[in-house]
Number of protein chains: 2
Amino acid sequence: MIKKKYNISVEATLEVIGGKWKCVILCHLTHGKKRTSELKKLMPGITQKMLTQQLRELEADGIINRIIYNQVPPKVEYELSEYGTSLESILNSLCNWGEQHIIKEYGDKFAVLEDSILNK
Amino acid sequence: MIKKKYNISVEATLEVIGGKWKCVILCHLTHGKKRTSELKKLMPGITQKMLTQQLRELEADGIINRIIYNQVPPKVEYELSEYGTSLESILNSLCNWGEQHIIKEYGDKFAVLEDSILNK
DNA sequence: TAATATAGGTACTTTAAAGTACCTATAACA
DNA sequence: TGTTATAGGTACTTTAAAGTACCTATATTA
């Protein structure tokens, strides 16, 4: 374990949930455990490689659990770990803020949020 | 104004506060307004260019105010705007989570947080 | 007169993040 | 037999983020 120096504690948070995809993945997982293929459908823009890569990193940081079912074709599910749930309120706040921001910028959210996620 | 499509609202949040520096800058500004040179001291790793660039973007998104004093040498201060304060609780949570995470990973925060920020 | 402090601009380069393409395994089923 | 579904690995390439180096202005002070 290499001891890094941080100038402010938020840097440690960003190491864990920073980047383009991790918050998105985690927000989806706040709504319950998901299979890899479900996550892919929820995130049309992500590639297989990036999805697995981000999931591996989140797993390594203890944020999510990987549940492997021994069957063919393979089935794997991901869920927030107990530690991961300590991020839940932050993730919800980030989502809510985004929604309000969209409303502020565009008037209503229906104009810019994909139908797929509004019909939930 | 180009209408973007988001697959999840948190993407809108990340557009505003994502990246390596914005959360750090904003966390510092939650403790009150700061001059450019103060921010540079608080963030030894950031370059002049990145700092100004990030500040410009945050200003463009309405998150911070830029206060210009007409004097030489120049004096400019940055503060959270009224809209920016809607992020305050998120920023505090992100800092607190990071601190807890550091403690979890390293046992105590003194080992990895720079002295400069602990002696506050 | 020349140095200092402050804030910032700009062209260019480097690095890290992300993406593309192609590969694996295997049971079930048509 | 060969196609499908699922999850994932890997080498390589592209792109965007970040960094480097060097430039500006001007009142004040030594």
Side-chain angles (χ1 to χ4, degrees), chain A residues 2 4-8 10-26 28-29 33-61 64-79, chain B residues 2 4-8 10-26 28-29 33-61 64-79:
Chain A
I2 298 149
K4 237 208 83 156
K5 281 280 180 184
Y6 300 100
N7 288 290
I8 188 170
V10 72
E11 289 174 8
T13 310
L14 295 175
E15 261 185 10
V16 177
I17 62 164
K20 186 173 176 181
W21 296 112
K22 285 179 181 171
C23 276
V24 176
I25 292 171
L26 292 174
H28 286 304
L29 292 185
K33 66 173 184 288
K34 296 274 178 293
R35 296 188 63 171
T36 314
S37 51
E38 291 180 284
L39 286 171
K40 261 194 274 187
K41 258 165 236 154
L42 291 165
M43 297 182 278
I46 201 171
T47 59
Q48 167 74 255
K49 183 205 150 196
M50 285 309 293
L51 179 56
T52 333
Q53 186 178 306
Q54 303 302 304
L55 288 168
R56 290 290 170 284
E57 293 178 14
L58 289 169
E59 197 193 354
D61 283 322
I64 61 173
N65 296 323
R66 183 159 178 258
I67 308 157
I68 305 156
Y69 297 83
N70 237 328
Q71 61 188 55
V72 171
K75 178 177 176 182
V76 175
E77 287 183 325
Y78 295 92
E79 64 178 7
Chain B
I2 297 150
K4 237 208 83 159
K5 281 279 180 182
Y6 301 99
N7 288 290
I8 189 170
V10 73
E11 289 175 7
T13 311
L14 295 175
E15 262 185 9
V16 176
I17 63 166
K20 187 173 176 180
W21 296 112
K22 285 180 180 170
C23 276
V24 176
I25 293 171
L26 292 175
H28 286 305
L29 293 184
K33 64 174 184 287
K34 297 272 176 295
R35 295 188 63 172
T36 314
S37 50
E38 290 180 285
L39 286 171
K40 261 194 274 190
K41 259 166 235 153
L42 291 165
M43 297 183 278
I46 202 170
T47 59
Q48 167 74 255
K49 183 206 149 194
M50 285 309 293
L51 179 57
T52 334
Q53 184 178 306
Q54 304 301 304
L55 289 167
R56 289 290 172 283
E57 292 178 13
L58 288 168
E59 196 193 356
D61 283 321
I64 62 173
N65 296 324
R66 183 158 178 258
I67 307 157
I68 306 157
Y69 297 83
N70 239 330
Q71 61 186 57
V72 169
K75 178 177 176 182
V76 175
E77 286 182 325
Y78 294 93
E79 63 179 7

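Quantities reported herein were computed from a predicted structural model and do not represent experimental measurements. Residue numbers begin at 1 in each chain, while the letters A, B, ... track the order of the sequences.
- A salt bridge does not link B/Lys34 to B/Glu77: none of the charged side-chain nitrogens sits closer than 4.0 Å to a carboxylate oxygen.
- Residue contacts for B/Gln53: at a heavy-atom cut-off of 4.0 Å it reaches no nucleic acid atom on any strand shown.
- Between B/Arg35 and the phosphate of C/dA5, there is no side-chain N or O to OP1/OP2 separation shorter than 4.0 Å.
- Residues A/Arg35 and A/Val76 fail the side-chain proximity criterion, which asks for heavy atoms closer than 4.5 Å.
- Between A/Thr52 and D/dA7, a side-chain N or O to OP1/OP2 separation shorter than 4.0 Å is absent.
- Counting to the nearest Å, the P atom of C/dA11 and the CE atom of B/Met50 are 17 Å from each other.
- One finds no side-chain N or O of B/Tyr78 lying less than 4.0 angstrom from the OP1 or OP2 phosphate oxygen of C/dA7.
- A residue-by-residue look at A/Leu55 and B/Lys49 shows that A/Leu55 has its nearest nucleotide of DNA chain D further toward the 5' end.
- How far CD of B/Gln48 is from OG1 of B/Thr36: 7.5 Å, rounded to the nearest 0.5 Å.
- Looking at heavy-atom distances under 4.0 Å, A/Gln71 makes no contact with the nucleic acid at all.
- Taking every heavy atom of both residues into account, A/Val10 and B/Val24 meet most closely at CG1-CG2, 3.9 Å.
- Rounded to an integer number of Å, the gap from B/Arg56 CZ to C/dG9 C1' is 10 Å.
- In terms of position on DNA chain C, the residue among B/Gln48 and A/Trp21 whose nearest nucleotide sits closer to the 5' end is B/Gln48.
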